[in-house]
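On a predicted model such as this, the values are computed, not experimentally measured, just so you know.
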Amino acid sequence: MSQSTPLGEFLRARREALKPQDVGLPEYGRRRVKGLRREEVAMLAGMSSDYYVRLEQGRETSPSPQVVEALARALSLDEEATEHLHRLIRPPARRRAATTDQVSPQLLQLMDSWSTSPAFVLGPALDILAANTMATALHEGFAAADNLARMVFTDPAGREFYQDWERVAHSCVAELRAAYGHDPESPRINQIVDELCSASPAFAELWARHEVKSKTQEGKHLRHPRVGDLHIRFSAFTVNGAPHQELVVYQAEPASATAAAFERLRSSTARMLHKNDVI
């Protein structure tokens with residue numbers, strides 16, 4: 001009996017995403033399968049078709065590092081996807097330590113000192129564990145700024161806020177998939193994935209692709225309901241002492257329109273907070 005495994009699901013999804021011409025194979029006539037055939041992947045990886053079928057069906061779960069590298073080449077995986085593949089075959093004892101939602105007081109104090117840069121801390125399931133005043137103001141248009149994946153896929157404000165929504169959606173799912181590779185049995189990650197697969201066909205379709213990507217330094221085009229368009233650069237940093245957490249910082253180019261918009265957002269938010277304190 002075959003059974004679904006994270007390894008088998010990944011291999012199948014990446015096989016189905018490739019076309020014969022992508023890996024230098026001829027394509028003859030009409031194909032009855034999506035993507036490459038199992039025997040084609042086996043041939044490219046230099047292994048028997050039977051062994052590859054056992055991997056994909058979950059009947060073989062401990063391939064050697066050499067086999068994993070051969071599969072990565074056969075499936076044209078990039079470095080990050082190859083690392084993800086290696087993680088999927090590691091025994092549970094080698095998984096990362098249990099996660100925590102607690103953010104260190106020192107990091108909270110540091111974030112609060114950045115009065116003009118939105119900063120927030122993400123957990124592995126893309127939960128927003130902490131945010132400074134600017135990040136809270138930046139996300140004020142959302143019904144709840146508690147989970148980045150929910151904000152992108154199920155809150156109507158997401159498509160207005162993220163002007164490059166398609167790219168953000170792809171990145172969001174790929175980041176969540178990367179976190180899943182570290183801990184496929186994480187209750188929180190599986191809860192979010194199940195919730196979003198049910199609530200969002202777009203998420204379900206992207207999740208099934210098994211694309212992997214961690215956060216990197218890049219730009220975003222946002223639209224805030226109070227201060228308008230924002231063209232920001234963001235950086236993500238692993239938190240020492242809590243490697244499952246990420247610190248995300250949004251920055252504007254100095255003397256840019258976005259820098260001026262950030263200042264307006266900071267000033268108006270400070271006035272609103274002061275007014276509330278007085279009341």
Side-chain angles (χ1 to χ4, degrees), residues 9-10 12-19 21-22 34-35 75-84 118-120 122-128 131 135 138-181 189-236 246 248-253 256-258 261-262:
E9 291 172 358
F10 178 79
R12 182 170 57 255
R14 300 311 290 259
R15 170 176 63 81
E16 292 177 349
L18 289 173
K19 298 177 181 178
Q21 56 265 36
D22 295 333
K34 183 179 179 181
L75 295 170
S76 301
L77 302 183
D78 60 21
E79 182 178 353
E80 193 159 14
T82 300
E83 291 176 359
H84 177 78
F120 51 97
L122 290 177
L126 302 186
D127 292 308
I128 297 180
L138 183 69
H139 295 133
E140 66 185 17
F142 290 90
D146 57 354
N147 181 278
L148 207 58
R150 281 204 202 104
M151 292 160 65
V152 171
F153 286 96
T154 64
D155 193 316
R159 289 182 182 266
E160 179 65 23
F161 182 75
Y162 297 106
Q163 292 296 288
D164 46 358
W165 187 89
E166 293 287 345
R167 183 165 67 90
V168 170
H170 278 76
S171 295
C172 182
V173 177
E175 291 157 17
L176 193 56
R177 177 62 74 177
Y180 175 86
I189 293 176
N190 281 285
Q191 177 188 6
I192 289 295
V193 169
D194 290 346
E195 174 188 329
L196 293 180
C197 280
S198 297
S200 170
F203 178 90
E205 192 275 328
L206 290 173
W207 182 252
R209 296 185 186 184
H210 286 253
E211 295 174 348
V212 182
K213 179 186 176 184
S214 299
K215 279 191 177 298
T216 56
Q217 295 185 354
E218 56 183 54
K220 287 184 184 291
H221 179 193
L222 311 176
R223 180 167 295 160
H224 190 273
R226 277 199 284 141
V227 298
D229 285 5
L230 302 167
H231 296 274
I232 61 98
R233 294 175 291 110
F234 82 85
S235 300
E246 280 189 318
V248 179
V249 183
Y250 288 176
Q251 294 177 296
E253 291 289 348
S256 65
T258 297
F262 271 179

salt_bridge(Lys213, Glu80) N-O dist < 4.0 Å:
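Judged by the 4.0 Å cut-off on N to carboxylate O distance, Lys213 and Glu80 do not form a salt bridge.
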Before giving the answer on side-chain contact (heavy atoms from CB on, under 4.5 Å), spell out for Asp22 and Ser76 the whole-Å C-alpha distance, their side-chain angles and the decisive distance to 0.1 Å.
CA-CA 8 Å; Asp22 295 333; Ser76 301; 5.7 Å; no
Determine whether the aromatic ring centres of Trp207 and Phe153 lie less than 6.0 Å apart.
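For Trp207 and Phe153, the ring centres are not under 6.0 Å apart.
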Go through the steps for Phe161 and Val152 under the test side-chain contact (heavy atoms from CB on, under 4.5 Å), then give the verdict.
CA-CA 9 Å; Phe161 182 75; Val152 171; over 6 Å; no
Taking the side chain as C-beta and beyond, is there a heavy-atom pair between [X] and [Y] under 4.5 Å?
| X | Y | result |
| --- | --- | --- |
| Asn147 | Ile192 | yes |
| Glu211 | Val173 | no |
| Tyr250 | Lys220 | yes |
| Leu222 | Tyr162 | yes |
| Phe262 | Val227 | no |

Please collect all side chain to side chain donor-acceptor pair (under 3.5 Å) contacts where either partner lies in residues 192-205, sequence neighbours excluded, each pair once.
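Residue pairs with at least one partner in residues 192-205: Arg150-Glu195, Glu205-Arg209.
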Quick check: does any side chain N or O of Thr258 sit under 3.5 Å from a backbone N or O of His231, one acting as donor and the other as acceptor?
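Side chain of Thr258 to backbone of His231, a donor-acceptor pair under 3.5 Å: yes, one is there.
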Between Arg14 (side chain only) and His210 (backbone N and O only), is there a donor and an acceptor less than 3.5 Å apart?
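Yes; at least one donor-acceptor contact below 3.5 Å.
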Gap between atom [atom2] of [Y] and atom [atom1] of [X] - 0.5 Å precision:
| X | Y | atom1 | atom2 | result |
| --- | --- | --- | --- | --- |
| Arg177 | Ile189 | CZ | CD1 | 10.5 Å |
| Leu176 | Ser171 | CG | OG | 12.5 Å |
| Ser256 | Ile232 | OG | CD1 | 11.0 Å |

Walk me through whether Glu175 and Glu246 qualify under side-chain contact (heavy atoms from CB on, under 4.5 Å).
CA-CA 11 Å; Glu175 291 157 17; Glu246 280 189 318; 5.9 Å; no
Stepwise side-chain contact (heavy atoms from CB on, under 4.5 Å) test for Tyr180 and Val193:
CA-CA 10 Å; Tyr180 175 86; Val193 169; 5.6 Å; no
Under the side chain to side chain contact (heavy atoms under 4.5 Å, CB included) test, residues paired with Arg226 that sit two or more places apart
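Arg226 satisfies side chain to side chain contact (heavy atoms under 4.5 Å, CB included) with Ala137, Glu140, His224, Leu265, Ser268, Thr269, Met272 once adjacent residues are dropped.
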Test of understanding: with side chain to side chain contact (heavy atoms under 4.5 Å, CB included), list the residues that count as partners of Ala131, not counting sequence neighbours.
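Ala131 satisfies side chain to side chain contact (heavy atoms under 4.5 Å, CB included) with Phe120, Ile128, Ala135, Thr136 once adjacent residues are dropped.
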Above 12 or not: heavy atoms from other molecules or residues under 6.0 Å from CD of Glu79?
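Incorrect, the count does not exceed 12.
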Which heavy atom of Ala143 sits nearest a heavy atom of Asp155, and at what distance?
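It is N-OD2, 2.8 Å.
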